[in-house]
Amino acid sequence: MDGNGRWAAQREPPRTSGHRAAETTVIDVIEAAHAAGVAWLSLYAFSTENWSRPDGEVDFLMGLVRRAVRKHAPLLHARQIRRRFLGMTDARIPAGPARDIADLTTLTSRNRGMTLTVAFDHGGRRDIVEAARSLIRSGVPADAVDERSFAAHLPFPDTPDVDLVIRTSGEQRISNFMLWQVAYAEWVFPPVLWPDFRAPHFIECLHAYRRRDRRFGGVPTDQNGEHRP
Ligand code: IPE
Ligand code: MG
């Protein structure tokens with residue numbers, strides 16, 4: 001979800017007004033994904049690197065996520081959306097937001113609709129390092145480690161590989177997002193800034209994804225999975 005600061009700079013600084021405007025987009029995209037039958041939606045809200053931002057902006061984002069979690073909890077629950085938070089390990093996260101987030105996770109844990117993962121205080125490299133630590137602690141012999149057993153030590157190991165990553169605002173970077181899970185993801189980089197991004201933009205990204213020919217390192221196949229001549 002990129003471009004909040006630039007959106008604010010173009011209209012009404014300070015940067016935080018862009019974060020406030022982003023909330024409308026978040027709800028619009030959740031509704032659009034849910035309506036389109038997306039089973040897993042992940043939103044990258046705050047990275048381990050975002051702690052380097054000015055204190056005022058970090059505090060604002062902590063408060064915003066808390067207010068948004070409280071305000072939208074009934075809607076998500078009514079839609080049978082299961083909400084998860086990926087990351088959330090840094091001791092700098094204030095107790096209030098941490099508690100509300102834990103409550104929402106518990107409230108929606110049995111829901112069987114779309115799974116909405118909010119990556120908050122998330123870093124792909126940190127997840128891989130933590131998985132390595134967990135693996136070593138489990139005492140598994142080095143030769144017994146393969147990709148499947150390694151992935152089982154990542155947070156939320158039931159999360160499927162990422163199919164499509166949408167990065168708004170025209171920036172073309174991974175920025176430490178779910179590094180393990182994006183190995184074969186398709187990427188789209190719509191130029192629109194996140195606060196201006198709406199359901200039709202999201203649907204256009206899904207159409208772009210459907211037009212992609214995913215080969216996973218193989219060669220083109222026909223509808224029956226046979227190799228094309
Ligand atoms: C994304 O918008 C929101 C967060 C990372 C919290 P930015 O804040 O990165 O906006 P730009 O990149 O400065 O425009
Ligand atoms: Mg940015």
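From a predicted model like this one, the values you see are computed outputs, not experimental measurements. Atoms within a ligand are numbered from 1 in the order they appear, just like the ligands themselves.
Looking only at protein heavy atoms, the nearest one to atom 13 (O) of ligand 1 is Arg15 NH1, 2.9 Å. Among all non-hydrogen protein atoms, the one lying nearest atom 6 (C) of ligand 1 is Ala45 O, 3.2 Å. Of all protein heavy atoms, the one lying nearest to atom 1 (C) of ligand 1 is Met1 O, 2.8 Å. Ranking the protein heavy atoms by distance from atom 2 (O) of ligand 1 puts Asn4 N, 3.2 Å first.
Taking a cut-off of under 4.0 Å to the non-hydrogen atoms of Arg6, the atoms of ligand 1 that pass are 11 (P), 12 (O), 14 (O). Using a 4.0 Å cut-off to heavy atoms of Asn50, the atoms of ligand 1 that qualify are 5 (C).
Side chain of Ser17 to main chain of Ala8: no donor-acceptor pair is present (N/O by atom type, distance under 3.5 Å, no hydrogens or angles). Proximity of a side-chain donor or acceptor of Asp161 to a complementary backbone N or O of Ala183 within less than 3.5 Å is not detected.
Under the 4.0 angstrom criterion for non-hydrogen atoms, Ser47 is not in contact with ligand 1. By the 4.0 Å heavy-atom criterion, Ser169 is excluded from the residues contacting ligand 1.
The local environment of CG in Asp222 is crowded, with over 12 non-hydrogen atoms from other residues, nucleotides or ligands closer than 6.0 Å.
Interatomic distance, Asp121 CG to Glu49 CD, rounded to the nearest 0.5 Å: 9.5 Å.
Of all non-hydrogen atoms in Leu193 and Gly3, the two that sit nearest each other are CB-O, 3.9 Å.
Side chains of Arg84 and Ser109: no donor on one and acceptor on the other come within 3.5 Å. Checking Arg214 against Tyr209 by side-chain atom types alone, a donor-acceptor pair falls below 3.5 Å. Remark: the Asp127 side chain and the Trp180 side chain contain no N/O donor-acceptor pair separated by less than 3.5 Å.
Nearest to the Mg ion (ligand 2), among the N, O or S atoms that Asp2 has, is OD1.
Taking only nitrogen or oxygen atoms, main chain and side chain alike, Arg53 reaches within less than 3.5 Å of ligand 1. Between Gly5 and ligand 1, a contact under 3.5 Å exists for at least one N or O pair.
With a heavy-atom cut-off of 4.0 Å, Leu193 does not touch ligand 1 at all.
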